Every structure is written in C-alpha cells, then in structure tokens.
Amino acid sequence: MRLYRNHLQQKQEEKKKQKRYSAPWVDIDSEDDGRPRKTSVKINGTAINGHHKATSPSHNESGRATSDAPTATSSKHAAIQEQRLNLPITKGKDALIREFRENDVTVLLGETGSGKTTQVPQYLLESNLAGNDTIAVTQPRKVAATSLAARVAAEQGVKIGTLVGYSVRFDERCGSDTRIKYMTDGMIVRELMSDPLLSKYSVVIVDEAHERSLRTDLLISNLKVIQRQRNGNGTGENNYSKAKGKEKEKATNPLKIIIMSATLDAEKFAKFFSGAKVIYVQGRQHPVTIYHSLQSQTDYVDSAMRTFFQIHTDQPPGDVLIFLPGQEDIEGLEKSVELFAKQLPQACMEVLICTMYASQAPGQNAKVFNATPPNTRKCILATNIAETSITIPGVKYVIDTGKCKEKRYLARNTGGGFDTLMTRDITKSSAMQRAGRAGREGAGFCFRLYTEDAFKAMKPSAEPEILRCGLASSLLQLKCIDQDLESLDLMDEPDRDSLISALKTLFLLGAINQKKELTPLGREMAAFPLEPVYSRAVVASKELGCTSEVLIIVSVLSASSKLFTDSSEHRDAISESRRKFRHSSGDHLTILNVYKAYQDITKSESKSGRKAWCKKHFLNERALLEAGEIREQLVGTCQRAGIDPKAEGGEGKEEEVIKSLAHGLVANTAFLQPDGSYKQVMGQSVVKIHPSSTLSERKTPTIMYDELVYTNQIYARGVTSINKGFLAGLGALSQRQA
DNA sequence: GGTTCCTAG
C-alpha cells in the first residue's frame with residue numbers, strides 16, 4: 001500500500017529526508033476480504049461448531065447497553081433476543097453447558113465480541129447449574145460491571161436489581177432474589193473479609209482475568225483454597241453430588257469457578273488449577289489490515305502527525321484514533337495537528353481534534369462521542385484509556401505509537417520505597433488490542449510507528465500488577481483473614497524486596513508486630529477502604545479530636561481524579577487562583593480549605609453555579625464529588641468502629657490535623673539540606689518538592705509527603721511542613737538508626 | 001517547573 005504525501009508535508013520533510021520511509025508500511029495481515037470471520041467454539045483444540053451467518057455486530061462486551069430499558073416493549077425485547085441468538089457464542093451453548101456441568105474449573109478463552117460475559121451467566125442460570133445460589137461475575141472496572149448488568153437484565157426482561165444486579169463501590173443494585181451479580185473484583189475481595197468461603201455464591205466467574213489486576217490475582221488464589229474447602233479435596237472430578245450428600249453446614253455448597261481471559265495466558269490459568277479444561281470461543285471482529293513502519297520512528301509524535309495527514313489526504317472517510325503515552329504528548333500533537341490542518345487545500349475534509357485522557361474534564365472527554373459533522377474527519381488523541389475502558393464509535397484508522405506509561409513500585413531496600421512512572425514500549429497483546437479498535441464497526445487499518453521486528457521483540461503481555469505495585473494495603477487485608485502473601489498459592493509470587501517493603505510499612509504504622517502478626521490497631525485500620533498510611537491517620541485523629549478534618553483530607557487524597565486541573569495553557573491563571581486557598585503549612589491544609597470553600601458554595605449555589613465556581617478556580621468538580629462520596633463511606637466506617645466522625649478540631653487546631661496525618665506519613669518525611677534539596681529520613685534518596693506543591697520553592701526545614709514519584713527526578717507530592725521535634729516523638733528518627 | 005490506567009461493605 002502506498003501513501004500519498006502532499007506538497008506541504010514534502011516541504012516539511014525535506015530537512016528530515018534520511019528519516020523518511022519510502023514505502024512506509026508492510027502488510028502483515030492479508031486477511032482483508034471485508035467479511036466477518038467465521039465463528040466457532042473449540043474445546044481443547046477441536047472445533048465443535050460451524051459457520052455463523054454474517055451479520056453486523058450487534059453489541060460489544062464492554063456494553064453500551066444502558067439505553068435498553070427493562071420496560072422494553074415486546075418488539076424491543078424480541079430484537080434483543082434476536083441479537084442474543086446472533087452472538088458467536090450462541091451456537092456453542094449446549095457444549096459449554098456440558099463442560100460447565102462436568103468441570104469444577106473451566107478456563108474460557110474468548111475474543112472480544114464473542115458475547116461470553118453476557119451469555120455464560122445466563123446459560124448457567126437457565127440450565128440450573130447454579131442451584132439456588134448466586135452467580136458472581138467479577139470485572140476490573142466499575143463501568144463494565146454496571147453496564148453489563150443493565151444489558152443482561154434487559155435480555156432477561158427484568159428490572160435491574162431483581163434477578164440481575166450489580167455491586168460496585170458507592171452503588172449497589174441487588175436484592176434477595178438476585179441470581180446473577182456483576183461486581184468489581186475489589187468488591188468481592190472485600191466480601192472475603194466477612195465471608196471467607198464466599199458461601200453466597202455457587203459460581204464465581206472471573207472476567208478479564210488476563211489483565212491480572214492485583215485484586216483479580218488475590219481472588220483467584222482464594223478461590224482455589226475455597227473450592228478445596230467447599231468441594232472436599234477435589235482432584236478435578238465433579239464433587240457436586242458428593243458434597244450434596246454430606247449435608248454438612250451450609251457453607252459446604254460446592255463452588256464452580258470459571259476464568260475468562262481474552263488471549264494468551266489461558267494455559268497459565270489452566271495449570272494453576274491443576275489442568276483445568278480450556279475452552280475457546282472465537283469473537284466477531286472485522287478484519288484490520290496492519291502496517292508497520294520500515295524504520296523505527298524515534299520522534300513518535302512527529303511521525304504520528306505525518307501519518308495522520310497521509311491518511312487524511314489519501315484515505316476514504318473514517319475517524320482516526322492515535323494512541324499516545326500521556327497528556328503532555330497529546331497536548332503537543334494537538335497543537336501541531338491544529339496548525340497543519342489550517343493549511344490544508346480547500347478540497348480536503350475538515351479536521352476535528354478530540355483529546356481523551358483520564359485526568360481531562362469529563363465534559364471534554366465526552367466530546368469524542370458526538371457524531372462527526374459532515375465533510376469532517378475526527379482525529380482522536382488518546383492514552384490507554386481508549387484501549388480497554390472506552391470504545392469510541394466511528395474509528396476506522398488507528399495510529400499506534402507503540403508507547404505507554406507504566407507505574408512501577410521500587411521497594412525500600414533497593415533504594416526505593418516509591419513509584420516510578422516511565423514511558424516504555426507496549427506489549428504484543430496491547431498492540432493487538434489497539435489495532436482491534438479499528439475493526440469494531442467494519443474493516444479497518446492500523447498504522448504502527450514501529451517495525452515488525454520491534455513488534456516481534458515486544459513482551460507477550462503486561463507483567464501482572466502484583467509484581468509492579470506496593471503491597472501494604474493488600475497484605476493488611478489478607479492478614480485479617482489469616483492469610484499472607486508468603487503462604488498464599490499465587491499465580492505469580494511478588495518480589496521478595498517488595499514483600500519486605502510492605503511488611504516494613506505495616507510494622508512502622510503499628511499494624512503488625514515483630515512476629516508479622518496483625519495487631520488490634522491493624523485490624524482497626526483494615527476496616528477502612530483506604531491506604532494504610534491514611535487509615536492510620538484516621539485512627540490517630542480519634543485521640544487528637546479532629547476526625548472531621550482528617551476525613552476530608554484523606555477522602556480528597558483517595559479520589560481517583562486530581563483536585564486541581566492542570567494544563568500548560570493557563571499556568572499563570574491557575575497558580576494565581578490557587579493562592580486564595582493556600583495554607584502556609586502546605587498542601588494538606590490547602591486541600592481542606594478548598595473542600596470547605598466548596599461546601600460553602602454548595603449551600604448557596606445551584607448545580608450550574610457550583611460548576612462555574614470550580615471552573616473559575618481551576619478545580620476538578622468530579623474530584624470533589626468523589627471525595628464527598630468517599631467521606632460519606634468513611635463516616636459510616638467510623639461510626640461502626642466507635643470513632644466520632646464529627647469531632648472537629650476547628651479554628652486554631654490545625655496542628656492536630658497535621659499530627660494525625662504525620663502518624664500515617666512517618667516514613668514519608670525528609671530534611672532540607674544546605675543545597676536546597678531534601679534527604680529522606682528513612683532511606684537515602686534525595687528528593688525534590690513537586691512543582692505543583694504550594695511548598696515548592698520554599699525552604700521548609702522538615703517535610704512530610706503523600707508519595708514519591710520518580711519521573712525525571714524523584715518528586716515528593718502532597719507536601720506539608722512538619723515540626724522536627726514532633727517527628728522525633730513519633731520514633732521516626734530512632735527507626736532510622738535501627 | 002510537571003502526572004499511564006484502574007480500584008476498596
């Protein structure tokens with residue numbers, strides 16, 4: 001395939017002639033016949049099913065299903081049923097049911113669009129394989145859980161929260177009659193703490209297991225143990241009738257496990273469950289023609305731009321999705337595409353640029369879903385958010401830079417104790433997932449800004465999260481159910497250093513003792529859905545009488561969206577506006593000021609007034625709303641734990657708030673050195689206050705911080721000035737010698 | 001002078 005290069009670009013490229021690629025792309029996928037592939041269900045390599053009628057894809061698994069209200073008219077219901085029958089998985093229904101009946105553990109390998117996530121729970125229910133208990137279907141993301149539940153409820157013709165329901169943080173739609181329950185993996189891991197055998201569920205379906213989130217991994221390990229306890233010492237044979245005959249206590253109802261994975265790792269799951277059956281279900285995806293660049297492109301932002309204009313000037317209509325590692329590159333590319341688009345000849349289609357990344361305001365993100373205006377091509381610049389979380393309609397072309405950013409925890413005893421955030425090459429499965437985004441609605445094209453050899457050299461799939469992140473929080477949760485990261489049978493064992501780091505953190509906080517045993521304080525802390533450093537602060541605030549303030553601060557810090565919006569464009573206006581909320585002690589009390597100011601506004605202003613106020617002060621209202629929900633939840637936890645959530649230090653008691661936080665952040669402290677940098681109290685690292693902090697550029701003698709992140713340097717984020725004498729009182733200094 | 005993506009009765 002040859003790509004047209006226009007005059008404008010040629011001028012631009014003359015300087016970089018040596019970098020140019022003459023015949024830019026190599027076709028590695030010739031399966032471009034414009035027809036959806038035939039579908040089949042294979043069991044252990046054997047296809048047990050034949051051809052499928054070619055139809056347009058009726059719905060996707062990530063589910064844009066909420067519009068199908070359960071009050072559907074009969075014709076609407078009929079339409080839904082027909083869509084159901086046309087799913088690739090439908091022809092394999094009987095074979096699947098047979099397999100589920102015969103096996104306690106099944107690994108279901110299903111491509112996107114196969115319908116496995118919506119159909120399998122219904123098959124189990126309809127064939128009475130779940131007995132009278134509930135079928136749990138876990139998801140790594142909240143949106144997926146809620147929208148899938150809505151879709152399946154519509155298919156069953158019931159209202160959500162009756163036969164079909166969901167359970168995610170802050171939102172539960174379940175009743176006593178709920179038999180199919182979609183939930184986040186975090187939710188079921190929390191349930192383990194009160195019901196270690198998960199006795200409510202007769203089937204647990206772990207979806208998106210290939211993503212290997214920390215919570216999914218912990219769930220899978222626990223399921224293996226639970227199944228052994230509930231089914232007797234099962235050796236792969238069906239223990240259903242055996243267990244039933246015993247009529248022991250209620251918890252002995254048998255458990256079936258279904259692991260659903262998109263690709264590749266299926267054998268690993270099967271092996272983990274001592275040779276469980278693997279079933280393969282093909283999906284429905286339109287063909288995507290993939291092109292690789294002939295030479296590796298070092299300046300991926302620039303070559304993404306050139307590739308976009310090649311498509312734009314040469315290819316038929318269809319939107320373009322460009323994958324970039326982060327906000328900075330997105331903003332940069334946005335500017336240059338804008339600039340070039342203005343100089344296009346009259347005959348060209350217009351270019352509409354949409355940007356999409358998690359920290360962008362929701363309204364801005366939502367713009368990609370607007371219909372593309374006539375004679376216009378959408379150019380969507382996105383991070384990984386468009387890879388799995390969100391499906392954008394209308395995309396026919398994908399440009400893949402092959403880069404992403406990855407967070408990785410560096411253990412304390414290897415000179416770390418902080419997260420690194422680096423741009424790195426993506427994995428094979430990620431590259432395939434990105435390419436697939438071009439084939440959702442019809443045949444598509446993917447342009448990779450890296451060579452075929454570079455693709456071949458990529459790692460097959462991402463490292464599981466358990467090898468990449470801090471473990472203190474999970475370890476504390478496990479300790480509460482008498483388990484341990486060391487003794488638990490895990491698919492991948494975490495790093496020794498990472499484990500020691502987590503133990504050290506919990507010991508410093510007083511959550512475990514020298515014998516690694518859970519302390520009463522640790523149990524108190526574990527009740528809070530917070531990082532241990534923050535639950536420690538909440539517990540400390542009880543004595544210091546300022547729980548109300550600490551809950552606010554900790555809630556804002558735990559929210560997934562950032563409180564302050566950031567854009568290189570209005571940098572000065574932003575810092576000017578922030579001065580109003582600034583507290584001289586640092587970021588934590590500044591957060592408190594912002595939250596209180598917002599609370600005041602809420603009393604007098606309408607919804608739109610609040611929104612305008614946030615916009616004016618460059619605040620992210622979503623963060624404030626989310627913090628409000630978290631705070632409410634924490635108030636409930638406090639009440640159950642016998643902590644008065646309304647206890648307020650009030651005016652003049654700011655010191656108490658800082659002290660409470662310091663109980664949690666003891667290990668996150670540093671001293672000013674003569675050269676203006678900071679040195680960790682515990683650890684050897686030299687750190688710098690992040691430029692976004694109110695304390696950056698100030699010479700504060702002693703600081704505590706929420707976290708360290710290594711990007712270009714080691715930055716401390718969320719910084720507050722702290723009294724050195726008080727720090728010594730917490731034992732932080734003596735720990736240093738130990 | 002600068003931040004991928006998720007998530008917790």
Side-chain angles (χ1 to χ4, degrees), chain A residues 138-145 167-172 174 183-195 200 208 211-216 218-219 323-331 356-360 382-390 401 403-408 419-424 426 430 462 465 468-469 473-474 476-477 480 526-532 534-535 555 558-568 571-572 574-575 626 629-630 632-634 636-637 639-641 688-693 696-697 707-713 715-718:
Chain A
T138 73
Q139 294 290 324
R141 282 168 292 278
K142 288 205 277 192
V143 253
S167 172
V168 301
R169 193 183 190 188
F170 309 130
D171 195 5
E172 180 164 8
C174 280
M183 60 207 295
T184 47
D185 48 14
M187 207 64 173
I188 200 165
V189 169
R190 267 277 157 186
E191 274 187 24
L192 271 174
M193 289 174 70
S194 56
D195 178 12
K200 269 186 272 182
E208 312 285 8
E211 288 188 21
R212 302 291 310 276
S213 80
L214 177 56
R215 281 165 279 272
T216 295
L218 293 179
L219 174 63
F323 283 102
L324 291 146
Q327 181 178 349
E328 199 182 355
D329 286 335
I330 287 177
E331 286 176 346
M356 182 142 209
Y357 46 91
S359 57
Q360 183 171 250
T383 59
N384 263 350
I385 194 169
E387 195 179 299
T388 46
S389 311
I390 284 164
T401 59
K403 302 285 176 190
C404 67
K405 286 201 182 186
E406 188 189 68
K407 203 169 179 176
R408 178 174 285 271
D419 286 317
T420 63
L421 189 60
M422 298 289 189
T423 303
R424 54 166 295 166
I426 57 169
S430 180
E465 203 182 344
R468 295 191 339 245
C469 66
S473 170
S474 299
L476 182 60
Q477 262 188 33
C480 289
F528 291 89
L530 290 169
E531 283 298 322
Y534 297 132
S535 53
S555 299
S558 306
S560 58
S561 5
K562 297 276 167 279
L563 179 57
F564 298 106
T565 58
D566 252 338
S567 143
S568 45
R571 186 176 281 173
D572 293 337
I574 289 172
S575 53
E626 202 185 332
E629 283 187 304
I630 296 172
E632 248 171 70
Q633 192 184 21
L634 295 178
T637 314
Q639 280 160 346
R640 285 191 294 275
K688 223 179 147 186
I689 297 179
H690 195 275
S692 65
S693 169
S696 86
E697 304 296 302
E707 59 175 355
L708 293 182
V709 177
Y710 179 75
T711 49
N712 298 312
Q713 306 178 64
Y715 287 109
R717 288 166 45 184

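Residue numbering restarts at 1 for every chain, and letters A, B, ... go by the order of the sequence lines. Bear in mind that the values here come from a model prediction, so they are computed numbers and not experimental data.
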Inset, instruction - Assign each of A/E328 and A/A559 to its nearest nucleotide of DNA chain B by heavy atoms, then name whichever residue's nucleotide is nearer the 5' end. - result: A/E328
Inset, instruction - Starting from the 5' end of DNA chain B, give me the residue, A/K142 or A/K407, whose nearest nucleotide shows up first. - result: A/K407
Between [N] and [X], is there an OP1 or OP2 to side-chain N/O distance shorter than 4.0 Å?
X	N	answer
A/S560	B/dC6	no
A/R169	B/dG9	yes
A/Y715	B/dG2	yes
A/T184	B/dA8	yes
A/Q633	B/dG9	yes

How close or far is atom [atom2] of [N] from atom [atom1] of [X], stated in whole angstroms?
X	N	atom1	atom2	answer
A/Y357	B/dG2	OH	C1'	13 Å
A/Y534	B/dA8	OH	C1'	15 Å
A/E331	B/dT3	CD	C1'	11 Å
A/L192	B/dG9	CG	P	12 Å
A/E629	B/dA8	CD	P	11 Å
A/N384	B/dC5	CG	P	8 Å
A/H690	B/dG1	NE2	P	12 Å
A/E707	B/dG2	CD	C1'	13 Å

Inset, instruction - In plain terms, say whether A/E211 and A/R141 are close enough for a salt bridge, that is, a side-chain N and a carboxylate O under 4.0 Å apart. - result: yes
Inset, instruction - Check whether any side-chain heavy atom of A/R169 sits under 4.5 Å from a side-chain heavy atom of A/T184, and report yes or no. - result: no
Legend entry - A/E208 side chain near A/Q139 side chain, heavy-atom distance below 4.5 Å: yes
Within the structure shown, what part of the strands sits under 4.0 Å from [X] by heavy-atom distance: base, sugar-phosphate, or nothing?
X	value
A/R640	nothing
A/M422	nothing
A/L530	base
A/S692	base
A/E531	base
A/I385	sugar-phosphate

Inset, instruction - Sequence neighbours left out, what passes side chain to side chain donor-acceptor pair (under 3.5 Å) with A/E465? Give chain and number order. - result: none
As a test of reading the structure: which of [options] is closest to the side chain of [X], going by heavy atoms?
X	options	result
A/R190	B/dG2, B/dG9, B/dT4	B/dG9
A/K688	B/dG1, B/dC5, B/dA8	B/dG1
A/A358	B/dT3, B/dC5, B/dA8	B/dC5
A/T383	B/dT3, B/dT7, B/dC5	B/dC5

Legend entry - Donor-acceptor pair under 3.5 Å, A/S194 side chain vs B/dG9 base: yes
Inset, instruction - Scan side-chain atoms only and decide if A/E387 and A/S430 contain a donor-acceptor pair under the 3.5 Å cut-off. - result: yes
Inset, instruction - For A/Y715, enumerate each residue passing the ring pair (Phe, Tyr, Trp, His ring centres under 6.0 Å) test, keeping only those at least two apart in sequence or located in another chain. - result: A/H690
